[in-house]
Asks: 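After the structure tokens below, expect a handful of questions from me.
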Protein chains: 2
Amino acid sequence: MAVHNHHEHAGASLAHAAESALVNAGEQWTDMRADIFAVLATFEKPASAYDIADLVSQRRGKRVAPNSVYRILDLFVTTNLARRVESANAYLANSHPGCLHDCIFLICDSCGTATHIDDDTLTMNVRAAAEHAGFAEVRPVIEVRGKCADCG
Amino acid sequence: MAVHNHHEHAGASLAHAAESALVNAGEQWTDMRADIFAVLATFEKPASAYDIADLVSQRRGKRVAPNSVYRILDLFVTTNLARRVESANAYLANSHPGCLHDCIFLICDSCGTATHIDDDTLTMNVRAAAEHAGFAEVRPVIEVRGKCADCG
DNA sequence: CGGTTGACGTTACAACATTACATCGCAGAA
DNA sequence: TTCTGCGATGTAATGTTGTAACGTCAACCG
Ligand SMILES: [Zn+2]
Ligand SMILES: [Zn+2]
Ligand SMILES: [Zn+2]
Ligand SMILES: [Zn+2]
């Protein structure tokens, strides 16, 4: 497995890293964005936009429409603060914002929790295969569904 | 790239291969299933269950509910006659039913067409990485979004 | 001050997917 | 034959995910 240097953040450290990354990207770190990121970061499992909308609504004492959540999640995804898990129609906070690479997500069909592994050799091979087939601006989606160790 | 022996089917040959594969799996090849497979096989791009429902409805002169389509698509996926493209919420006919392996799909963000490549070394590496992380009964989802050669 | 811009709110709707239950036709048992 | 079980499909309702269009507001800049 390829070695890869980066920090895995958690809690306040993660929120701070996210803020820095967003500001570095020339975007604002608003209260709404902070709340959405905070809620997203509490999840072990990929969170749907609607899940997030509900929790953010509670936290703010005022309904936040899914619409608004989607807008901000899209921003987070494009700025690498969050990842979309395609096979779950849901989102995860990126535990290492600012570190650009393709993650491989493992999602348990049984308990729903997601873990992520990094293997740059593997993901580069996927990119290379796609480019060899004439694709450009490739964005690999590598997810593995299965049964996690706990649910084994 | 790993060598891989199998036939890529198309047209009547594909329908016939699908029928054989389904029957071999102990399932029935009904009119409804034949129609849904036929419609699915006409698509270049991943087809949504609703797309298929519409076309099958036309072909039969009678409304076929999405529900029924989903049932049969699920059957097709479990018997390897079709694949679900997670990043598109849609389905593709499997051009080589009966041949078991993990496909890598390339989906053009611009025109929507999907091609598929096979690289058993690559997919086995993905499986191995997931299993190394404690996952079992793994089902890799490897898709690449990007811009196809035509849209380049 | 007026004009522009970015963030967010509000409403409505479109697209994707599942659940529960009904019906139909056929094969085998009574 | 009649009954019965079963797999396939029909029907209706509902749940979940995602977008479009447009309005409001505050910050900022001439
Ligand atoms: Zn990393
Ligand atoms: Zn699990
Ligand atoms: Zn193959
Ligand atoms: Zn294209």
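In this text the structure is predicted, and so the values were computed from the model without any measurement. Below, read A as the first sequence line, B as the second, and so on, with proteins coming before strands; counting in each chain starts at 1.
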Asks: Got a sec, which residues hit salt bridge (charged side-chain N to carboxylate O under 4.0 Å, His left out) with A:Asp54, two or more places apart in sequence or on another chain?
Replies: none

Asks: Please find the earliest and latest nucleotides of DNA chain D, in the 5' to 3' direction, that have an atom within less than 4.0 Å of any heavy atom of chain B.
Replies: D:dG7 to D:dA12

Asks: Who passes salt bridge (charged side-chain N to carboxylate O under 4.0 Å, His left out) against A:Arg63, sequence neighbours left out?
Replies: none

Asks: Can you list the residues that meet the salt bridge (charged side-chain N to carboxylate O under 4.0 Å, His left out) rule with B:Asp109, with sequence neighbours excluded?
Replies: B:Arg145

Asks: What's in the same ILVMFWY side-chain cluster as B:Val64, cut-off under 4.5 Å, chained through other members?
Replies: B:Leu14, B:Leu22, B:Val23, B:Trp29, B:Met32, B:Ile36, B:Phe37, B:Val39, B:Leu40, B:Phe43, B:Tyr50, B:Ile52, B:Leu55, B:Val56, B:Val69, B:Tyr70, B:Ile72, B:Leu73, B:Leu75, B:Phe76, B:Val77, B:Leu81, B:Tyr91

Asks: Starting from A:Met124, walk the hydrophobic network (Ile, Leu, Val, Met, Phe, Trp, Tyr; side-chain heavy atoms closer than 4.5 Å) and list everyone else you reach, by chain and number.
Replies: none

Asks: Check DNA chain D against residues 54-82 of chain A and give the residues with a non-hydrogen atom under 4.0 Å, in numerical order.
Replies: A:Asn67, A:Tyr70

Asks: Under the salt bridge (charged side-chain N to carboxylate O under 4.0 Å, His left out) definition, can you give me all pairs with a residue in residues 97-106 of chain B, not counting sequence neighbours?
Replies: B:Asp102-B:Arg127

Asks: According to side chain to side chain donor-acceptor pair (under 3.5 Å), who are the partners of B:Ser110, at least two apart in sequence or on a separate chain?
Replies: none

Asks: Could you list where the contact with chain A starts and ends along DNA chain C, reading 5' to 3', using a 4.0 Å heavy-atom cut-off?
Replies: C:dG6 to C:dT11

Asks: Mind listing the residues from residues 22-39 of chain B sitting with a heavy atom below 4.0 Å of DNA chain D? Number order is fine.
Replies: B:Glu27, B:Gln28, B:Thr30, B:Met32, B:Arg33

Asks: Less than 3.5 Å apart, which donor and acceptor atoms pair up between the side chains of residues 131-143 of chain B and the rest of the protein, not counting sequence neighbours?
Replies:
{"residue": "B:Glu143", "atom": "OE1", "partner": "B:Ser87", "partner atom": "N", "Å": "2.9"}
{"residue": "B:Glu143", "atom": "OE1", "partner": "B:Ser87", "partner atom": "OG", "Å": "2.6"}
{"residue": "B:Glu143", "atom": "OE2", "partner": "B:Glu86", "partner atom": "N", "Å": "2.8"}

